[in-house]
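All values below come from the heavy atoms of this structure, side chains included, with hydrogens, waters and symmetry mates left out. So you know, we letter chains A, B, ... as the sequences are listed, proteins then strands, and number each from 1.
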Number of protein chains: 2
Amino acid sequence: MPMSSQPMSRGTRVRGTRQAEALGSVLAELPAFSSAQEIHAELRRRGERVGLTTVYRQLQVLSQDGGVDTIRDESGETLYRRCRSSGHHHHVTCRSCGRSVEVEGRAIERWADRVAAEAGFVDVDHTVEIFGRCVDCA
Amino acid sequence: MPMSSQPMSRGTRVRGTRQAEALGSVLAELPAFSSAQEIHAELRRRGERVGLTTVYRQLQVLSQDGGVDTIRDESGETLYRRCRSSGHHHHVTCRSCGRSVEVEGRAIERWADRVAAEAGFVDVDHTVEIFGRCVDCA
DNA sequence: TCCTTATTGATAACGGTTTTCATTTTCTAC
DNA sequence: GTAGAAAATGAAAACCGTTATCAATAAGGA
């Protein structure tokens, strides 16, 4: 009966507990990339009693399942935000408030694959992040 | 006398001490992105007595001055390598050995600026890193 | 309900990096 | 060459985000 590591369509893992429900609802409303600690603080602000460890754990699972996107700020801290689009995409993120827009760039994917191949690399992956200041923060 | 938050004036300060000289020579020879601790270990291997703190400090200054490039591996650790070309560029880096090739991509810079502008962002910056497995490691 | 197993969370540990601060070294001025 | 001020060094401690521990709790099927 253990069905722990079932494939499970993405996102369905984190359901069933009060804590997961609360986290999901906070994530659904947060418009900006936020740190695990910020998310935890937001939960407490709402009166939800969820341990910080649990927040980290859930976010880890969610990001593996593709339910949340992650980026790293300049200090190296990991920031999370619920994923809007399901395919491969990148972000334009505000340095000040964390607000973020998802963008596609097929040309970029092709470029990355090409230059890597030219350099003799295989099994290629890439990270592209764009930072700036959004209208409100400028 | 605190000197913490204004470490040193500016410019190419890293010269003049035995430690800086040793670090510069190690950096010149290391072909791969390496962590501060790896670089420190390499210094010790060569019989140079340089403190880990000093390695971190020098690398920080060098990266600010553009003398070394930095990337972050998947665990969040910062890796350093002496900068080969002087202009803006990106890297194709081997996940296994850290070996890296510098590449240019004017099309990518333009793309990043454009999508950011379209999203209403200003003061735009971007990070692009490509990872793969190099010929030797594949 | 009972029972097995997964989940939770307070706390401790971890690991990379930065701070502290007393000591050493460098550099400039004699 | 030497003195003295300023900068650099480095061992140790602090820092801080994150992960591991593990006893207690909660969930869901029989």
Protein-nucleotide distance (B/Leu23, atom CG; D/dA8, atom C1'), rounded to Å = 14 Å
To the nearest 0.5 angstrom, please state how far the CZ atom of B/Arg82 sits from the OG atom of B/Ser34.
-> 13.0 Å
Taken to the nearest whole Å, CD/A/Gln60 to C1'/D/dA20 is 11 Å
Grab the CD-P distance between B/Gln64 and C/dT17 for me, whole Å please.
-> 15 Å
Could you tell me the separation between the OH atom of B/Tyr80 and the P atom of C/dG16, rounded to a whole number of Å?
-> 12 Å
Distance (rounded to the nearest 0.5 Å) between A/Ile108 CD1 and A/His88 NE2 | 10.0 Å
Relative to each other, are the rings of A/His126 and A/His90 parallel, tilted or perpendicular (30° and 60° limits)?
-> tilted
Any salt bridge (Lys or Arg N to Asp or Glu O under 4.0 Å) pairs touching residues 92-109 of chain B, not counting sequence neighbours?
-> A/Asp123-B/Arg95, B/Arg81-B/Glu102, B/Arg99-B/Asp136, B/Glu104-B/Arg106
In numerical order, the residues of residues 36-57 of chain A whose heavy atoms come under 4.0 Å of DNA chain D are A/Gln37, A/Thr53, A/Tyr56
Are B/Thr78 and C/dT17 close enough that a side-chain N or O sits under 4.0 Å from OP1 or OP2?
-> yes
Figure out the CD/C1' separation between B/Glu21 and D/dA8, and round it to whole Å.
-> 15 Å
Return no unless some side-chain N or O of B/Gln19 is found under 4.0 Å from OP1 or OP2 of D/dG10.
-> yes
Whole-Å distance between C/dA6 C1' and A/Arg18 CZ?
-> 16 Å
Would you mind reading off the distance between A/Glu74 atom CD and D/dC16 atom P, rounded to a whole angstrom?
-> 17 Å
Please answer whether the main-chain N or O of A/Gly47 pairs with a side-chain N or O of A/Arg49 as donor and acceptor at a distance below 3.5 Å.
-> no
Roughly, in whole Å, what's the span from CG in B/Leu59 to P in C/dG16?
-> 15 Å
Is the backbone N or O of B/Leu59 less than 3.5 Å from a side-chain atom of B/Ser63, with the two atoms forming a donor-acceptor pair by type?
-> yes
